[in-house]
Amino acid sequence: MAHVVTPLDQPSNYKDSQARVDRQKQNELLARSTTLYIGNLSFYTTEEQIYELFSKCTSPEEGGGIKRIIMGLDRNTRTPCGFCFVEYYTHAEALACLRYVSGTKLDERIIRCDLDLGYREGRQFGRGKSGGQVRDEHRQDYDPGRGGWGAQAQRLEIERRREVEERYADAQEGPGAVAGGGGDWKDAGTADNPLKRARSPEDEGDGGRAGARARMDDPDHDARM
Amino acid sequence: MSYHGGGHRRRNYRGQDEYDDRRREVYETPEQKLRKSIINLGEVDPVQELPRLAQQIRTQEPLSVPAISEGFRIGVTEQPYKIPYYAALLRLLHDPSPDAPESNDADNTPSLGKQVLEDYWKGFQAFLDKLAWREIRLCIHFFAHLTVAKLITPQSLFELLKSFTAVLEEFGASHGRAMKAALCAAEGLMMAGPVIKPAPGTDVSEIINSISMYTESVSSSKTLVQPIVSLFSDKSIIEHADELLDSALAALRALNDGDFVQTADSFPQPYFDYPEYAETPFDLPSVLVPPEVIELDGLTTDTGEDAQVKKEEWPQYYTRIFDNDVTPDPASPVGYAIRSGILDIIDIFEVNRKECARLLLEYPKWLLAGTFKPRPGAPPQEPVPGKDWQLESTIMEATLGSIFLLPESNYKSIYYITLITELCKLSPSSVGPAVGKSIRKLYSLLADGLDVEVAHRVADWFSVHMSNFNFQWVWKEWIPDLSLSVKHPRRAFMRRAVEFEIRLSYYDRILKTLPEPMQAPDALVMPEEAPGPDFEYDDPAKPHYESARSVLDLLRGRAKADEVVAHLDTLRNTISETADGDTNVDSVIRSIAVQSLLHIGSRSFSHFLNAIERYLPVLRKIASGGTAGGVNVDARMDVLNAVFAFWKRSRHMVVIVFDKLMQYQIADPTDVVAWTFAFGGGADGSAGKSTFHAFQWDVLKGALDKANGRVMIARRKVTALRKEADDNAARAKASDTATMEVDSEAKTADVIPSAESPAVTTALKAFTTLTREQKAALARAMDGFVDCLVAEARPNPLAREVITEKAWHNRANWGEAEWETWETWGWYRHFGRMYSPYLRNYVNTIAEVSLSKVAPSPDPAVDLFKKTWNIATGQE
């Protein structure tokens with residue numbers, strides 16, 4: 001069913017410019033990716049708002065759901081800097097977002113979704129010179145949702161800003177800084193170690209190869225905006 | 001892709017790799033070009049383009065019939081609105097080639113058109129073999145038009161249609177199969193009736209009667225999926241909604257009564273522009289609709305039930321929003337044709353909602369002139385009497401009707417919701433008013449029995465839509481309804497819509513959109529405060545403040561899990577020494593621990609995940625009631641109650657936290673089901689209510705979907721492992737026979753034991769455990785509804801009262817209790833139809849356990865309860 005129009009869940013030209021795996025490998029990863037990169041968020045949008053919108057694409061009866069959300073943070077200030085990753089349990093849910101949610105509004109901004117290679121440690125931080133996203137380094141326009149504050153800014157937004165600034169002050173770096181979200185169901189009787197973190201099969205697959213595989217950093221969502 | 005910004009060709013920073021190889025233009029062969037020309041027919045004006053396109057096809061070098069019929073096949077099945085024009089194109093191709101009029105072998109070689117038709121038939125046969133129903137039905141449209149154009153014999157089309165009505169007489173045909181087959185026959189007859197009816201050897205009433213007998217046979221299941229509920233009636237024709245097959249039948253009867261004169265008024269017939277075809281028409285070969293193939297994996301539960309989920313399709317009721325002079329009556333021939341045309345576009349273009357919106361707004365181009373009012377700015381036209389409908393309202397009605405199909409829509413409702421968003425973006429001035437009118441009409445239906453699940457979906461659509469359009473809604477027109485009972489569906493809707501809007505935005509933003517009378521706390525539209533956590537132990541004046549602080553200090557200091565567990569043990573001793581006799585010390589400890597964990601994780605969803613992931617052992621210990629590996633239901637309820645107490649100002653968070661507690665196996669779905677019936681009803685988690693409302697449904701659905709989803713994963717795992725084992729065995733066998741004398745070392749790894757591998761055994765064991773849990777969760781839910789409505793031990797006189805016709809007509813005087821009970825019936829019905837495929841598998845066990853507690857009949861409530869159960873489980 002793609003003779004007449006181009007499906008919206010086709011891979012876009014989004015990519016992680018710092019990914020060190022070849023294009024073919026990247027395409028393979030994307031073809032079964034369960035992670036979305038979400039861009040053009042307001043700095044003030046919360047994970048719960050994101051959860052609400054993105055849960056509309058879940059298929060829990062198929063074993064799906066939102067596994068976790070990773071908020072993109074300014075490297076220096078530890079405040080949200082306008083992007084995030086949403087990880088589902090299934091690939092189909094991620095595709096549904098590309099078809100139904102990408103290009104609609106969240107918190108009154110048009111957001112964009114792209115399939116992502118998957119979260120890797122460190123990718124939650126912006127990579128612009130001053131800590132945020134690169135696109136906000138060079139941006140010329142006034143954008144109240146993305147830190148473009150002036151005297152005329154609304155008081156409401158300031159209040160939200162205060163909350164937001166405190167929220168992630170405790171953000172950590174390094175392994176274990178980001179929760180897993182819970183893995184597949186396991187028989188409690190045969191679970192060898194109850195302390196072990198729940199992991200999904202994909203995580204298990206990664207474990208052995210993580211070193212060999214390239215480091216994949218923050219995506220280069222900026223070059224084109 | 002417009003949101004990517006204009007001209008976003010990437011600057012090339014890092015070399016060649018930047019260019020995306022997935023998007024590179026590919027060289028097109030002449031055949032591909034021709035195919036594209038056929039698909040693109042009518043970009044400007046189909047009637048004018050037809051002769052030119054026919055000529056282009058004829059002069060194609062080399063001439064490839066399969067390539068041409070492939071173009072037709074794609075055109076017909078992916079752009080059904082062009083089918084009459086494809087029929088006209090094929091009619092032109094049946095003429096002898098104008099370039100070779102004197103050709104000497106013209107009599108021997110069939111015309112190009114006929115060759116294409118023969119090849120096209122092969123493609124139809126392939127669709128039939130796969131039971132690709134939509135494609136089959138659209139091909140039949142094509143054949144029907146070709147029959148009217150005299151390219152196909154009416155008798156052979158009649159026989160084709162009859163092979164589809166034969167499906168209706170099959171023993172045990174599923175409703176989905178029967179409905180799709182009936183639609184094939186009905187729609188084919190609507191289009192080809194003018195030539196079939198007068199043809200010798202045909203009898204259109206055979207087809208009509210066959211469909212009629214079928215729809216009557218499924219009338220009982222219709223009552224369970226009507227979007228407008230009347231609990232006292234079992235009529236299948238209702239106001240404000242129409243059933244798809246019933247409408248097809250009504251349209252067909254109207255056509256037949258008028259000897260199909262109305263066909264020309266309902267479907268374009270551009271082939272009549274050309275001289276009548278005088279050669280021998282094509283005889284469609286006879287076919288048999290192949291049986292449905294059900295792949296059985298033979299997996300059963302530990303008690304031998306078949307755990308395979310067979311999603312059964314239900315009769316499809318489309319909610320009617322506008323009057324017949326605004327949108328066409330779907331039970332009239334032209335109204336049916338228009339709506340099914342719109343539904344096909346919505347269905348086919350699900351892959352690209354933006355293109356779908358564009359095509360919907362261009363739909364009138366493919367219809368008879370005067371069907372819809374001209375667009376603003378277009379040249380005025382003479383209105384056609386009885387037509388002249390509003391395009392945007394018609395599209396809205398069909399789209400919303402698709403969202404509100406019960407038990408569930410074909411695609412996720414967010415698809416239809418954002419499709420409407422795109423329609424509004426394309427033509428705000430014309431679609432916007434249609435949206436507004438739709439909301440008002442649905443809101444008014446809330447007082448007249450709009451189904452609870454449909455009301456839920458209206459609130460969902462409303463909130464997402466408003467979130468895309470600056471939350472601008474004229475709330476003030478609903479102010480008078482603030483005088484209705486606080487549990488009246490309209491007031492429940494206002495609260496729900498506002499709650500969903502706040503989830504997508506934030507409290508103060510939404511508060512600003514409301515008129516003053518609705519902002520007031522006593523209006524009970526807005527929650528009193530913004531959603532947020534409520535830590536019970538945050539005030540030194542409150543009991544257990546010091547204890548909770550000591551736990552918080554440990555958690556904040558990232559103490560090890562076993563330190564926390566040890567500290568909780570100490571606390572238990574301290575508290576039991578000082579507390580009075582009725583304090584349940586275990587419950588207090590659980591509440592302190594769970595609330596403290598939620599407190600350190602209250603800043604965001606991720607904080608919450610981090611907190612519970614770090615202290616999973618603590619949670620496991622608490623939830624097991626202190627005994628390792630044991631199951632203590634009270635402990636689980638305490639955990640869930642602590643969550644509810646902590647997040648009582650954010651029901652969204654309650655659902656999210658419960659989901660993750662199930663994900664991390666702190667609580668089982670059955671626990672959550674039990675909780676929602678026992679404690680979910682009260683505002684403060686107090687037990688003992690016999691009503692069930694929308695929030696409880698959200699919790700219940702979360703739990704049941706989790707249980708069902710796990711079985712699904714386990715099933716996929718077993719299937720995958722078995723397939724892998726089979727593949728390995730086949731490979732081993734192949735390499736065995738191929739290389740007899742190769743070293744045995746390489747082979748040993750591939751040798752497959754005759755019994756199933758340990759991995760399969762483990763997966764099977766998990767499957768058994770999970771189906772047991774699934775059955776328990778479903779049974780617990782059924783039990784809960786029995787308790788609410790018809791338990792002998794818990795008489796509920798209101799349950800009997802609200803289902804009578806008399807009471808319903810008196811609903812203007814209903815108080816909170818009546819509306820709550822009516823809503824409870826609504827969720828029970830939705831539970832039955834929604835989980836019907838799962839309930840069917842366990843029908844005996846569940847009936848045995850739950851229905852035995854039901855009060856004795858005669859009791860109208862008991863009768864309705866059992867009838868609903870029987871319909872849901874396919875026993876009626």
Side-chain angles (χ1 to χ4, degrees), chain A residues 1-13 17 23 27 46-49 51-53 56-57 60-65 68-71 96 99-101 103-108 110 112 156 159-160 167-168 178-182 184-188 190 194-195 197-198 223-225, chain B residues 3-5 8 10-11 13-14 17 20-23 39 74 78-79 348-355 412 414-415 418 421 464 467-468 470 503-506 508-509 603-606 609-610 613 617 620 629 652-653 656 659-660 663-665 702 705-706 708-710 712-713 765-766 769-770:
Chain A
M1 190 20 248
H3 297 102
V4 180
V5 298
T6 311
L8 292 176
D9 56 11
Q10 298 276 298
S12 72
N13 51 0
S17 64
R23 178 46 63 91
N27 288 348
T46 64
E47 292 181 28
E48 290 67 40
Q49 286 173 283
Y51 192 106
E52 172 70 0
L53 183 62
K56 294 178 194 295
C57 290
E61 71 288 357
E62 299 283 328
R68 56 180 175 174
I69 295 170
I70 296 157
M71 192 61 109
R99 291 199 303 279
Y100 309 149
V101 169
T104 69
K105 281 186 179 177
L106 176 60
D107 217 357
E108 310 191 52
I110 291 179
R112 45 168 306 199
L156 274 177
E159 181 54 30
R160 293 179 79 200
R167 186 168 297 130
Y168 293 98
V178 166
D184 287 345
W185 180 88
K186 282 209 178 69
D187 190 343
T190 58
L195 288 168
R197 273 232 324 249
R224 128 191 43 143
M225 305 294 279
Chain B
Y3 59 93
H4 282 167
H8 59 254
R10 308 185 56 135
R11 223 148 332 129
Y13 291 118
R14 293 188 188 86
D17 191 40
D20 199 311
D21 45 10
R22 286 175 298 223
R23 292 211 159 180
I39 292 170
I74 294 169
E78 298 186 20
Q79 304 175 100
I348 291 171
F349 293 94
E350 175 267 343
V351 294
N352 188 326
R353 62 178 200 276
K354 297 173 187 202
E355 292 293 321
K412 292 179 190 310
I414 186 71
Y415 162 53
T418 54
T421 306
V464 177
S467 164
N468 275 279
N470 307 320
R503 289 185 192 180
L504 288 166
S505 182
Y506 54 99
D508 292 318
R509 173 77 179 90
R603 289 172 171 195
S604 75
F605 173 61
S606 297
L609 278 187
N610 276 320
E613 214 163 81
R620 290 213 178 92
H652 189 209
M653 278 308 292
I656 294 175
D659 178 70
K660 284 298 176 189
Q663 193 71 39
Y664 287 107
Q665 292 173 248
D705 287 348
K706 185 71 78 188
N708 296 334
R710 282 178 178 167
M712 194 68 87
I713 294 172
K765 199 173 150 231
T769 312
L770 290 168

Interface residue of largest heavy-atom contact number with chain A, from [options], under 4.5 Å:
options: B:Thr418, B:Thr421, B:Asn470; result: B:Thr418
options: B:Lys706, B:Met653, B:Gln79, B:Gln665; result: B:Gln665
options: B:Met712, B:Arg710, B:Arg503; result: B:Arg503
options: B:Asn468, B:Asn708, B:Ile74, B:Thr769; result: B:Asn468

Search all heavy atoms of [X] against all heavy atoms of [Y] and return the closest pair with its distance.
X: A:Gly181; Y: B:Leu609; result: CA-CD1, 3.8 Å
X: B:Ala766; Y: A:Trp185; result: CB-CZ3, 3.7 Å
X: B:Tyr664; Y: A:Gly180; result: OH-C, 4.4 Å
X: B:Lys412; Y: A:Lys56; result: CD-O, 3.8 Å
X: B:Lys765; Y: A:Asp187; result: NZ-OD2, 3.5 Å
X: A:Ala179; Y: B:Glu613; result: CA-OE1, 3.4 Å

key: side chain to side chain contact (heavy atoms under 4.5 Å, CB included) between B:Ser604 and A:Met71, worked out   = CA-CA 10 Å; B:Ser604 75; A:Met71 192 61 109; over 6 Å; no

[atom1]/[X] to [atom2]/[Y] distance, rounded to the nearest 0.5 angstrom?
X: A:Glu47; Y: B:Arg603; atom1: CD; atom2: CZ; answer: 12.0 Å
X: A:Tyr51; Y: B:Ile656; atom1: OH; atom2: CD1; answer: 5.0 Å
X: A:Leu8; Y: B:Glu355; atom1: CG; atom2: CD; answer: 8.5 Å

Under 4.5 Å from any heavy atom of chain A - which part of [X]:
X: B:Leu504; result: both
X: B:Ser467; result: both
X: B:Asp659; result: side chain

ask   = side chain to side chain contact (heavy atoms under 4.5 Å, CB included) between B:Ile39 and A:Val4: does it pass, once the steps are laid out?
value = CA-CA 7 Å; B:Ile39 292 170; A:Val4 180; 4.1 Å; yes

query = Which of the residues A:Pro60, A:Gly64, A:Gly65 is involved in the greatest number of heavy-atom pairs with chain B at under 4.5 angstrom?
reply =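 Winner by heavy-atom pair count: A:Pro60.
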
ask   = Do the rings of A:Tyr100 and B:Tyr415 sit parallel, tilted or perpendicular, given the 30° and 60° boundaries?
value =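 Ring orientation, 0 to 90° scale: tilted.
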
request  = Please check if any side-chain donor atom of A:Glu52 sits under 3.5 Å from a side-chain acceptor atom of B:His652, or the reverse.
outcome  = yes

Between the side chain of [X] and the main-chain N/O of [Y], is any donor-acceptor distance below 3.5 Å?
X: B:Ser606; Y: A:Ile69; value: yes
X: B:Arg353; Y: A:Arg99; value: yes
X: A:Glu61; Y: B:Asp705; value: no

request  = Tell me, for A:Thr46 versus chain B, whether the close heavy atoms (under 4.5 Å) come from the side chain, the backbone, both or neither.
outcome  = neither

